[in-house]
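Numbering starts at 1 and runs along the sequence shown. Computed from a predicted model, the values in this text were never measured in an experiment.
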Amino acid sequence: MRVFLALCLLMLSGLTQAAIKTEEIPYQSADGTKMIGYFAYDDAIKGPRPGVVVVHEFWGLNDYAKRRARDLAGLGYSALAIDMYGDGKNTEHPKDAMAFMQEVLKDSSAAAVRFQAGLTLLEQQPQTDPQKVAAIGYCFGGGVVLNAARQGLPLLGVVSFHGALATKTPAVPGAVKAKILVEHGAMDSMVTPDAVAAFKAEMDKAGADYTFVSLEGAKHGFSNPDADRLGHGDHGGPDIGYNKAADERSWADMQAFFKKIFG
């Protein structure tokens, strides 16, 4: 009997997993960059549902960003992991990642138009309710989604996980329409206390609706299980590290945030 029940549970688990559909979708931004989005949704859910853009770390559109899109699909959302570097580029070498990121950031408009292209692609999917869209981002991607909020894009909310907080284009009063959740590692050596203070002052001055969570004991990259390997590997990686408690706490915070903004 126990064996039979175990087999039944395995079959049910397989059916649940099979309901998550994924596909790669080629698209192009206004600057001419050819990109590849990774789209995920639960096929068992009928009709449009809230959508979430996922913006990758500075490593590029890798398996971790795609996994987060699948995780969101499992929560009932339509999720698109977008490609900020073009051609789906990703790497595990810090120098290459830095070069990819700097290439995007050297032109202040490049990141904005590439994010907009991904947002538009998500809104166009039949599984997405275009009136209920949010964005999440990690590391470099956290800075991208915060800048999208600063620009007043039509997002209900954005969530930054160990994201960059500094900006060359601070929000002006009344510009930020999206609600903001920042999940920050209290031991993040890559985002200084001064940057945190400046961000909070900027959001206060802009009149933004934001929540800032400082996670005790967490370093930069705390949500990514590969952070320990990438931070201390053969290439001499950055000061990052995985923190299971911070990962789980921040993901739970995000879920509560989405329930609030999506209704």
Sequence neighbours excluded, the answer for side chain to side chain contact (heavy atoms under 4.5 Å, CB included) partners of A148 is F115, L153, L155

Q) Do F161 and F222 pass the ring pair (Phe, Tyr, Trp, His ring centres under 6.0 Å) test, and can you show the C-alpha distance, the side-chain angles, and the key distance before you say yes or no? A) CA-CA 8 Å; F161 296 89; F222 64 77; 7.1 Å; no

Problem set entry | Enclosure of K66 NZ (heavy-atom neighbours >12, cutoff 6.0 Å) | yes

Ionic contact status for D247 with K244, cut-off 4.0 Å: no

Give a yes/no verdict on a cation-pi contact between K89 and F100, requiring under 6.0 Å between NZ or CZ and the six-membered ring centre and an angle within 45° of the axis.
yes

Please check if any side-chain donor atom of Q116 sits under 3.5 Å from a side-chain acceptor atom of T120, or the reverse.
yes

Query raised in the report: Does I180 reach the side chain of L146, with side-chain heavy atoms less than 4.5 Å apart?
Result: yes

- Do Y77 and D42 pass the side-chain hydrogen bond (donor to acceptor under 3.5 Å, both in side chains) test, and can you show the C-alpha distance, the side-chain angles, and the key distance before you say yes or no? CA-CA 8 Å; Y77 302 114; D42 187 342; over 6 Å; no

In terms of heavy-atom contacts, P94 and P238 come closest through CG-CD, 4.0 Å

#### Entry: Derivation of the side chain to side chain contact (heavy atoms under 4.5 Å, CB included) call for L156 and Q131
CA-CA 8 Å; L156 293 186; Q131 303 302 315; over 6 Å; no

Carefully, step by step, assess Y210 and K200 under the rule side chain to side chain contact (heavy atoms under 4.5 Å, CB included). CA-CA 9 Å; Y210 77 100; K200 291 180 178 179; 3.6 Å; yes

Side-chain H-bond candidate by donor/acceptor type, Y85 with R114, under 3.5 Å: no

Would you say R68 and W251 make side-chain contact, with heavy atoms under 4.5 Å?
-> yes

Does E92 reach the side chain of R229, with side-chain heavy atoms less than 4.5 Å apart? yes

Here the gap from D96 atom CG to M101 atom CE, rounded to the nearest 0.5 Å, amounts to 12.5 Å

Heavy-atom side-chain contact between M254 and K259 under 4.5 Å
no

When clusters are formed by joining ILVMFWY residues with side-chain heavy atoms under 4.5 Å apart, either directly or through shared neighbours, do V104 and M190 land in the same one?
yes

V176 and A171 have their tightest heavy-atom pair at CG2-CB, 3.6 Å

Self-check item: Heavy-atom side-chain contact between K219 and N243 under 4.5 Å
Solution: no

Is V158 linked to I82 within one hydrophobic cluster, defined over Ile, Leu, Val, Met, Phe, Trp and Tyr using a side-chain heavy-atom separation of less than 4.5 Å? yes

For this session: Please check if any side-chain donor atom of H220 sits under 3.5 Å from a side-chain acceptor atom of S189, or the reverse.
Result: no

One thing to verify: whether D253 and R249 come together as a salt bridge, which I'm taking to mean a side-chain N less than 4.0 angstrom from a carboxylate O. yes

Would you tell me whether D194 and T192 have side-chain atoms, one donor and one acceptor, within less than 3.5 Å of each other? no

- Got L72 and V54 here, is their nearest side-chain heavy-atom distance under 4.5 Å? yes

| said: Between I136 and V53, is the side chain to side chain contact (heavy atoms under 4.5 Å, CB included) condition met? List the steps. | reply: CA-CA 6 Å; I136 69 172; V53 173; over 6 Å; no

Minimal heavy-atom distance between A227 and Y242, with the atoms involved, is CB-N, 3.6 Å

Query - Path from L75 to V52 over hydrophobic side-chain contacts below 4.5 Å - result: yes

ask   = Cluster question for you: counting only ILVMFWY and a side-chain heavy-atom cut-off of under 4.5 Å, with indirect links fine, are V213 and I261 together?
value = yes

NZ of K95 to CE of M98, rounded to nearest 0.5 Å, is 11.5 Å

d(S250 OG, Q255 CD) to nearest 0.5 Å is 10.0 Å

In this structure, CG of D107 is separated from CG of D31 (nearest 0.5 Å) by 7.5 Å

Shortest non-hydrogen pair, V191 vs G163, comes out as CG2-O, 3.8 Å

In this structure, CD of E23 is separated from CD1 of I36 (nearest 0.5 Å) by 13.0 Å

Can you check whether V133 reaches P50 side chain to side chain, under 4.5 Å on heavy atoms? no

Distance-only donor-acceptor check, side chains D83 and Y38, under 3.5 Å: no

R49 and I45 have their tightest heavy-atom pair at NH2-O, 2.8 Å

- Query: Short question: side chain of T128, backbone of P130 - any donor-acceptor pair under 3.5 Å?
  - Reply: no

Closest non-hydrogen contact found for H162 with S223 is NE2-OG, 2.8 Å

Any side-chain heavy atom of D129 within less than 4.5 Å of one from F262?
-> no

message = Please tell me whether V159 and F140 are part of a single hydrophobic cluster in this structure, the criterion being side-chain heavy atoms less than 4.5 Å apart.
response = no

Side-chain donor-acceptor pair under 3.5 Å between T167 and N147, yes or no?
yes

>> Would K34 and Y27 count as a cation-pi pair here, with the cationic atom under 6.0 angstrom from the ring centre and within 45° of the axis?
In response: no

May I have the list of side-chain donor-acceptor pairs in residues 55-63 shorter than 3.5 Å, sequence neighbours left out?
unit_1, atom_1, unit_2, atom_2, d
H56, NE2, M84, N, 3.1
E57, OE1, N224, ND2, 2.8
N62, OD1, Y64, N, 3.3
N62, OD1, A65, N, 3.2

**OP:** Take F199 and V182 through the test side chain to side chain contact (heavy atoms under 4.5 Å, CB included) and record every step on the way to the result.
**Re:** CA-CA 10 Å; F199 173 79; V182 175; 3.8 Å; yes

Quiz item: Is it the case that more than 12 heavy atoms not belonging to E216 sit under 6.0 Å from its CD atom?
Solution: no

Q.
So that I know where these two stand, are F39 and Y41 an aromatic pair - ring centroids less than 6.0 Å apart?
A. yes

In this structure, OG of S78 is separated from NZ of K21 (nearest 0.5 Å) by 15.0 Å

